[in-house]
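Below is one structure, written out as structure tokens, with a few remarks after it.
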Protein chains: 2
Amino acid sequence: MRSNIKDVAKLADVSISTVSRVLNSPNLVAEETRDKVFKAIAELNYTPNALARGLIHKRTQTLGVLIPDISNLFYAEILRGMEDTAHRLDYNLILCNTDNNKPRLLASLKVLKEKQIDGLIFTSEPIYPDYNELFQQLQIPVVLAATHSLEFEIPSVKVNDEQAGFEATEYLIRNGHRRIGMIAGSMMDPVTAVPRLQGFMRALRTYNIEADYETCVQNGNYRFEDGYEAMGRLLQKSPDLTAVFASSDERALGAISYCHEHGIKVPDDLSVIGFDNTRLAVMCFPKLTTIAQPLYQIGQLAVEKLDNLVQGKQVGELRTYIAHELVERQSVAKI
Amino acid sequence: MRSNIKDVAKLADVSISTVSRVLNSPNLVAEETRDKVFKAIAELNYTPNALARGLIHKRTQTLGVLIPDISNLFYAEILRGMEDTAHRLDYNLILCNTDNNKPRLLASLKVLKEKQIDGLIFTSEPIYPDYNELFQQLQIPVVLAATHSLEFEIPSVKVNDEQAGFEATEYLIRNGHRRIGMIAGSMMDPVTAVPRLQGFMRALRTYNIEADYETCVQNGNYRFEDGYEAMGRLLQKSPDLTAVFASSDERALGAISYCHEHGIKVPDDLSVIGFDNTRLAVMCFPKLTTIAQPLYQIGQLAVEKLDNLVQGKQVGELRTYIAHELVERQSVAKI
DNA sequence: CTGAAAGCGCTTACAG
DNA sequence: CTGAAAGCGCTTACAG
């Protein structure tokens, strides 16, 4: 049997109040008593029960994290930042994969609430009105990571996707490219896919490049395979492209893979720029020029923000837009 | 304020016992009463407090997971299997990165115990005697995932690394290779690195291939960069190699990256076989021939095993060795 | 400096 | 079928 505070009290021949004090404010206890208690604790290998504590303090030092799919490196790197920060700030993380599946999200939210998490981090998905409603019902602080909401007042940490999309495209243009395609995400996703596309289009306009949306943009889901297929469609419609902006590293790798298999040399025949800068970007060939999102930091800031809210402090900026950066490697050629 | 069972009882004009019954054994309650209670619950948006419940039942439906580094795709894919299974079996997972850092491990273990997790999954690292001691002190079931212990009786799920290493090497041999090198892990790791190396050596012996350990094996850590460097050292010592067994996909990609940058064609000039079959293996070029570990399944089985133990059932096999599989892709040439 | 008591939010025999 | 009471393992005023 696991020992409890009573066992310790009995063994040390003091009251449970005293044991509790030794644990929580040892300087209120006489040294002699303290030592007796410490000895008993050690002997019994006693650890306080956080459930009982949590019940009293209405704090669990546990945060919930909702993530679409942890086996995606993008989320894994963000999560690493969250976990390190949580550990530093004395929280634990309960991880729930949502799989972009609403019933599962609802179920997770329910048990997270029951388990009395102090706060919630919601990652990456757009915030629909019913989600906002759910967050309200939780009655605990919520922070958005790698997503945001313009309609609702929810603290968030993310990159400026429109600007990043602009810069990725501009970089291609400055390298001499004029016939540029894009592998975009799903147009159902207003927080990430649409802004990156808008940035792309703005860059084309800014540099007076005419482009036919129908032929130069292909949408794909977020996985490697989708990038592969989108690349195929793109080249079929616009065979004369010299560069492609793939709006995630995985999509970029899919696109490059397509090129490899069809005898198209990257970057000699076709330049590719990615987005995210997951570790994928350096492990592939050619190494990927890409827009770096500070993934670790996004996770870190999200947890720090949530911690402030949990402690009842101000959150600082409501919506934080963290700086991205273009990382030059070998997948884009100057022409 | 969050509502509690008393609020519900008051609003429904019943005792808290009745509210509790409605929640836990509704058929013991008269329909009329039940409806009143349900109405009150809905009106107050009441959710039971799992801390209070856990205190009574001595069960939290929460499992601890210790993982070296979640931003490594290998662990991320295992974790995905764990999380899906946990969700199905009605558990949540508290994730702790250990970072191969002992103080952090100790700290995590301490709070996991305090938070009354029902069981623990320990991933990947070898089990030293002091770790075993710690597990004992936890007084809760522990399952090992992607590692095992031969000295201690701890349930585990992993692949047979020696045999897998043998088969990877044998595959190279059967494809005509005789001058084969290996990029191995650290020889401090008896559970994964050493067996794979042993399998490699056994294959060479079996096929009567003489090899000088000093020149044909290079050790590297588990990351991409280590594979890159190990490849450099390997080719310097044994420039005539026609094939390399890299004992992880990341190491393999590092090795291939070295080749790309030094004008060595894979697989035309040099064949490379990997190990793990993370999603990396298909996203790179050339696509990697590799030993597939069923990562998702390892996570799944580990959680199922742990669930059995938590429920006081038998665990079945103590040490489960799950089947691996060689996946042929494009990084190995027949010569 | 220390202990007895109330209370956190529940569940579960025990009565009725 | 329903309620009062004890108890899960703690903390924290309140007395002394």
Side-chain angles (χ1 to χ4, degrees), chain A residues 1-38 40-41 44-62 110-118 139-140, chain B residues 1-38 40-41 44-62 110-118 139-140:
Chain A
M1 262 310 290
R2 215 124 141 174
S3 57
N4 62 24
I5 199 172
K6 273 192 201 163
D7 302 325
V8 176
K10 202 175 297 169
L11 184 60
D13 197 29
V14 297
S15 75
I16 62 165
S17 319
T18 298
V19 177
S20 178
R21 261 180 230 112
V22 169
L23 257 20
N24 298 302
S25 10
N27 50 322
L28 294 183
V29 180
E31 194 179 332
E32 205 181 340
T33 321
R34 222 188 303 163
D35 290 347
K36 278 197 306 185
V37 172
F38 277 135
I41 287 176
L44 294 172
N45 183 25
Y46 166 75
T47 348
N49 184 323
L51 299 183
R53 272 192 177 164
L55 206 47
I56 295 168
H57 289 137
K58 295 175 187 322
R59 272 286 220 100
T60 54
Q61 297 301 122
T62 303
K110 182 156 172 289
V111 326
L112 289 175
K113 185 181 179 191
E114 291 184 3
K115 293 192 176 174
Q116 312 297 118
I117 53 168
D118 295 332
Q139 306 180 62
I140 53 167
Chain B
M1 263 309 290
R2 217 124 141 174
S3 57
N4 62 24
I5 200 173
K6 271 192 202 163
D7 302 326
V8 177
K10 201 175 300 169
L11 185 59
D13 197 30
V14 297
S15 73
I16 63 164
S17 321
T18 298
V19 176
S20 178
R21 261 181 229 110
V22 169
L23 255 21
N24 298 302
S25 10
N27 50 322
L28 295 183
V29 181
E31 193 178 332
E32 205 181 337
T33 321
R34 220 188 307 163
D35 289 347
K36 277 197 307 185
V37 172
F38 278 135
I41 287 177
L44 294 172
N45 182 25
Y46 166 75
T47 347
N49 184 323
L51 299 183
R53 271 191 178 163
L55 207 48
I56 296 168
H57 288 138
K58 295 172 186 322
R59 273 286 221 101
T60 54
Q61 299 300 123
T62 303
K110 182 158 171 289
V111 325
L112 288 175
K113 186 183 178 191
E114 290 183 4
K115 292 193 177 175
Q116 313 296 119
I117 53 168
D118 295 332
Q139 305 180 61
I140 54 167

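Just so we're on the same page: letters track the sequence lines, and every chain starts at 1. FYI, side chains are in, hydrogens and waters are out, and symmetry mates aren't considered; it's all heavy atoms of this structure.
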Base, backbone or nothing for each nucleotide of nucleotides 11-16 of chain C, written B, S, -, heavy atoms under 4.0 angstrom, 5' to 3'? BBB---
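- Applying the side-chain hydrogen bond (donor to acceptor under 3.5 Å, both in side chains) criterion to A:Gln116, with sequence neighbours excluded, gives no partner residue.
- Whole-Å rounding puts the B:Asp35 CG to D:dC1 C1' distance at 15 Å.
- Residues satisfying the side-chain hydrogen bond (donor to acceptor under 3.5 Å, both in side chains) criterion with A:Asp7, sequence neighbours excluded, are absent altogether.
- A salt bridge is defined here as a Lys NZ or Arg NE, NH1 or NH2 lying under 4.0 Å from an Asp or Glu carboxylate O, and A:Lys110 with A:Glu114 meets this definition.
- Here B:Ser25 lies out of heavy-atom contact (under 4.0 Å) with every strand.
- Between B:Asn49 and C:dG9 there is no side-chain N or O to OP1 or OP2 distance below 4.0 Å.
- At least one donor-acceptor pair under 3.5 Å links the side chain of B:Arg34 to the backbone N or O of B:Val29.
- The side-chain contact (heavy atoms from CB on, under 4.5 Å) test applied to A:Lys6 returns A:Asn4, A:Ile16, not counting sequence neighbours.
- A:Glu114 places its CD atom 15 Å from the P atom of C:dG9, with the value rounded to the nearest Å.
- The interatomic distance linking B:Lys10 (NZ) with D:dA4 (P) rounds to 14 Å, in whole Å.
- Residues passing the side-chain hydrogen bond (donor to acceptor under 3.5 Å, both in side chains) test with A:Asn24, sequence neighbours excluded: A:Ser20, A:Arg53.
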Please convert DNA chain C into dot-bracket. A pair counts if it is Watson-Crick or G-U wobble with both distances under 3.5 Å; crossing pairs go in [ ] and bases paired with another strand get |. |||.||||||||.|||
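- Considering only side-chain N and O atoms, B:Lys6 lies nowhere under 4.0 angstrom from the phosphate OP1 or OP2 of C:dC10.
- Between B:Asp13 atom CG and D:dT2 atom P there is a gap of 12 Å when expressed in whole angstrom units.
- Atom CG in A:Leu28 sits roughly 14 Å away from atom P in C:dG3 (whole-Å rounding).
- In this structure, B:Lys36 atom NZ and D:dT2 atom C1' are separated by 10 Å, rounded to whole Å.
- Applying the 6.0 Å contact sphere to CG of B:Asn45 captures more than 12 heavy atoms from other residues, nucleotides or ligands.
- B:Lys115 and B:Thr62 form no side-chain donor-acceptor contact under 3.5 Å, judged by distance and modelled atom types alone.
- With rounding to the nearest 0.5 angstrom, the CG atom of A:Asp118 is 3.5 Å from the OG1 atom of A:Thr60.
- Rounded to a whole Å, the CG atom of B:Leu51 is 14 Å from the P atom of D:dG9.
- Atom CZ in B:Arg59 sits about 19 Å away from atom C1' in D:dG9, given to the nearest Å.
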